[in-house]
Amino acid sequence: MQAQIIDADYFLNGNKPVIRIFAKTESGNTICVFYDKFLPYFFIVPTAGTAGKLKEIPEIRSVEEVERFEPLGYSKEKTKMLKITVTNPQDVPKIRETLAPYTKNIYEADILFKYRFMVDHGLYGMKWIDFDGERVRTNTVKVPAFRTEEIRSADRNDNVPLRHMSVDIECLPSDPRKPLDSKNDPIIIISMSFAPHFRDKKNLVLLAKNFYGDDIKGFQTEKEMLEEFVRILDAYDPDIITGYNINSFDLPYLAERFRHHKMPTNFGRSEKMSFGKTFGILQEFIISGRVVVDPYQILKRDPWMKFPRYDLNTVSKILLGDEKHDVEYGKMAGLWNGTKEQISTFLEYARQDANLSIRLVIERGMLDKFVELAKISGLLLQDLFGGQTKRVETMALHEFRKRGFVMPPAPSKGELARRAKERESQGLKGATVLEPEKGLHAEGCILVLDFKSLYPSIMRTFNISPETAIKTPVENCYASPSGAYFVRPETKSGILPDILSTLVDARTAVKKQMKNSKPEEKRMLNAKQLAIKDMSNSFYGYTGYIRARLYMIDVAGSITAYGRDNIIKTKNLVEKNFPARVVYGDTDSIFVKTDMTNLEDAKKLGEDIASFVTSNLEGHLELQFEKIYRTFLILTKKRYAGWKFEHTGTEWKNSIDMKGIETVRRDWCPLVSELMLKIINIMLKEGDIHLAMNEVKGILDKLKRGEIPLEKLTVIKGLTKSIENYDGMLPHIEVAKKLAARNPHDPPKIGDRIGFVILKGNNHLLSKRADDPKYVAENGLQIDSEYYISSQLLPPIERILNSVGVERTELLGGGRQSRLGDIMSGAKRKMKHDIVVDYNKPEQPLAGWEEFLCKKCSKSYSRMPLRGVCECGGQLLFGFHGSVGTRLVAKQNGILHNQ
DNA sequence: TGCGAGCGGGG
DNA sequence: GTGTACGCTCGCA
């Protein structure tokens, strides 16, 4: 029989573990495969005292002498180790602790049992198994179960269609002023959507009230409704359970209500109860045999784009084009206890929410990439959502095992502290950002070129891997620019470089295959190449991630050191061999200024530069021509805009690219964002600073004359707690107080968004001069134009115009012409284009997160500060951390906004 | 300026 | 579960 792995776990038969694989057969049936011939084990490097201690531990079943390579640092020979086998996986941690003082090293004593099994049998999440099954009767799983003596991986890549069910609950707080309490406040509605349909139903809404309607089922009590929920769950038997923020709200809440009614929380495919766990922010809900998919967590943690907010409303508007109508929390009780129509409205709201989350997963193919990531990394689908570290480590474990290497343990607290200290003393230098030639470049085209997978290429070219690093240089080894040494591939080919090479080849093959494949296959292949890319980009960051098993500061430091060398070499190669100047560059990209105004000529030059540089650099380093900026405005490192031209094959398409320039911020009114976009647009497309200045002056005049509509001056902020609980002076709170006083029957509630404008007045406190725009309009009150000019408009506008040498006084000083010469050499272009902001494809040259470290005071910033230097005035160094960790976003500020 | 609390999403 | 993980913004000292 063959089946595709959905999930795996084990249970104890007495003291003995039985591995359980939940899988789907070709025909779409779910089965469970039992295997009881596998026992947990780990390795130790013994010392003199080891043998005696081993005899004292009764749980140890067998001790076997083996040889394995140690993983950190190059070693020529394998090390003699003892393979310790025990019976119960749960005994391993305590045996590990007991043995620790009596051993030199312990390896692989913290590999989850299910992964120990999968790796040893060459099994990968979402891939296929091949086995001869004998049907067994059991009440531990709810699907047909088979016992097998042997289990192999099957060589096939197709996917069995999955069954998805989304869940959304509505609750009613007993006290509307207090937050919800799952111990007391009942669930009143459970809404579900199904893909594929469940008994011809797309969705189903249950409610704890006598009520009937299309696909609506009413119940006398909450308990009866919950019982029906489990019946539906078991009948539909979904592989995927989804819902927006379901991990931290709906599922834990449901579980608590089940416990309240003394009902078992048995939502899965086995006898195991479902439960939620929390660490840090991340909440996870485990349902045995199924996969919990939370679109909210995916979008936040593994994003391909940045959203202004991550609520279901915003996200579905952008991803599905569908706006959802919300029911205010405060009005829910009214609807629930209201007329038939009101209840219907409430039910439709619940139905819509379940529909939207399932549509996000299905229509946006949100799971596609993760299915492929499972097949590449070996992780089970459920475990992919926790972060990149586990993906890299599981993939590496497969490869380490094949080559006779053991995997180091996850770092202990002490080891973490040691690493942190080591890092503080010797530092981990990041990438180089070339000093930009600040200002507007409008005379000739700017060519943007970047290195294809820079860090992976470096690792492959110089054989950089934890087990190729060597302390004392041997003959014929690589000496990295940071002073570390690595043996050459002839001596030992690095595991990570080899994995990366395999990934590169696989990606090339997939892309080729995509060209002549049908839509459905193409979709899968595209997901696969994205998954490969994700994995490739994870390895460098992983080696520098402090919690990594394979952390080596020399490895990470050497990679960035080669990167810094590379960009300087590239700059020199370009400037020595072409009539061009590098005006900016960051990590893996260079911006080359030419005197060309013809796009075709510029393109040709870009391609020539790319192939020349590539042929003059070592190994796998490959510079590619990326795009043309007809004009380019750079404020500081990391903050620029360009008028981009790309050839589609038939014509030139243009749009405005913006990086690091924030045009949308919560504390800015719409006028600020609009004006910023406008002047950037004018500078880039007209190449004229004066026009931009005039635009600013025009707006300032309008503002002074009170001709700017109030909605453009309104800043909106939400009430996060009740008004009494704020003690500081905040404009929106003062406005909320005023609103409450004016309309005592319907005061602002928690969660309400309060808009305000700032008025002229005697009170020097800003908050006291804030008021509701509607009230201001009705009473003809005057806005404080001085405030808007000096506090809202000028600071961001100044930062842009300063980069081209314009001072604040020139903006405020009437219509006087500036002393600046017109920097446009050619004739002014009269082309008019709307700003097109492409938020579907934020450019991410390297996936990962960055930090900016001050050279002088060591302060760290997660974003390049607006001034481009540290607040102490010190120069900022750039650090890059690959794509490990959770700080994955924060890069594409200003990419997303409404046009 | 630096630090700590609190929030995010969900009802 | 052979576990044990955030990053940002705001208010206050």
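Below, read A as the first sequence line, B as the second, and so on, with proteins coming before strands; counting in each chain starts at 1.
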Ranking C/dG3, C/dG1, B/dG8 by distance to the side chain of A/Arg96, first place goes to C/dG3

Scan A/Leu172 against the nucleic acid and name what it touches under 4.0 Å (heavy atoms): base, sugar-phosphate only, or nothing.
-> nothing

Which part of the nucleic acid, if any, lies within reach of A/Arg116 when heavy atoms closer than 4.0 Å are counted: base, sugar-phosphate only, or nothing?
-> base

Salt-bridge contact A/Lys390-A/Glu393 (side-chain N to carboxylate O under 4.0 Å) = no

When the distance from CG of A/Asp250 to P of B/dG10 is rounded to whole Å, what number comes out?
-> 10 Å

Does A/Arg301 put a side-chain nitrogen or oxygen below 4.0 Å from OP1 or OP2 of C/dC6?
-> no

Whole-Å distance, A/Asp311 CG to B/dG9 P, equals 7 Å

Selected nucleotide, minimal atom distance to A/Asp168 side chain, candidates C/dG3, B/dG10, C/dT2 = B/dG10

Neighbour count >12 (heavy atoms, 6.0 Å) for atom NZ, A/Lys37 | yes

Whole-Å distance separating the CD atom of A/Glu284 from the C1' atom of C/dC6 | 15 Å

With rounding to whole Å, what would you report as the distance between B/dG10 and C/dA5 at their P atoms?
-> 27 Å

Nearest-neighbour nucleotide for the A/Phe249 side chain, C/dT2, B/dG8, B/dG10 considered = B/dG10

Between C/dG1 atom P and A/Ile287 atom CD1, what is the distance in whole Å?
-> 14 Å

Begin with the C-alpha distance, continue with both residues' side-chain angles, and end with the deciding distance and a verdict on salt bridge (Lys or Arg N to Asp or Glu O under 4.0 Å) for A/Arg20 and A/Asp9.
-> CA-CA 5 Å; A/Arg20 230 168 18 181; A/Asp9 66 1; 2.9 Å; yes

Which of C/dG1, B/dG9, C/dT2 is nearest the side chain of A/Ala109? It is C/dT2

Tell me what A/Asp294 touches on the nucleic acid: a base, only sugar-phosphate, or nothing, going by heavy atoms under 4.0 Å.
-> nothing

Which part of the nucleic acid, if any, lies within contact of A/Ile187, taking any heavy atom under 4.0 Å across all strands shown: a base, the sugar-phosphate backbone alone, or nothing?
-> nothing

Quick one: label A/Pro93 by what it contacts on the DNA or RNA (base, sugar-phosphate, nothing), any heavy atom closer than 4.0 Å.
-> sugar-phosphate

Is any NZ, NE, NH1 or NH2 atom of the basic residue among A/Lys324 and A/Asp322 found under 4.0 Å from an Asp or Glu carboxylate oxygen of the other?
-> no

For A/Tyr349, answer base if it contacts any base atom (sugar-phosphate contacts may also be present), sugar-phosphate if it contacts only those atoms, and nothing otherwise; contact means non-hydrogen atoms under 4.0 Å.
-> sugar-phosphate

Indicate whether any N or O donor in one side chain lies under 3.5 Å from an N or O acceptor in the other, for A/Asp181 and A/Asn184.
-> yes

Interatomic distance where CD1 belongs to A/Ile189 and P belongs to B/dG10 [whole Å] | 16 Å

Starting at NZ of A/Lys94 and ending at P of C/dG3, how long is that distance when rounded to a whole Å?
-> 12 Å

Taking only the side-chain nitrogens and oxygens of A/Tyr10, find out if one of them lies under 4.0 Å from OP1 or OP2 of C/dT2.
-> yes

C/dG1 P sits how many Å from A/Phe285 CZ, rounded?
-> 14 Å

Which listed nucleotide (B/dG10, C/dT2, B/dG8) is nearest to the side chain of A/Lys300?
-> B/dG8

Below 4.0 angstrom, N of the basic side chain to O of the carboxylate: do A/Lys94 and A/Glu97 qualify?
-> no

What is the distance, rounded to the nearest whole Å, between atom CD1 of A/Ile546 and atom P of C/dG7?
-> 13 Å

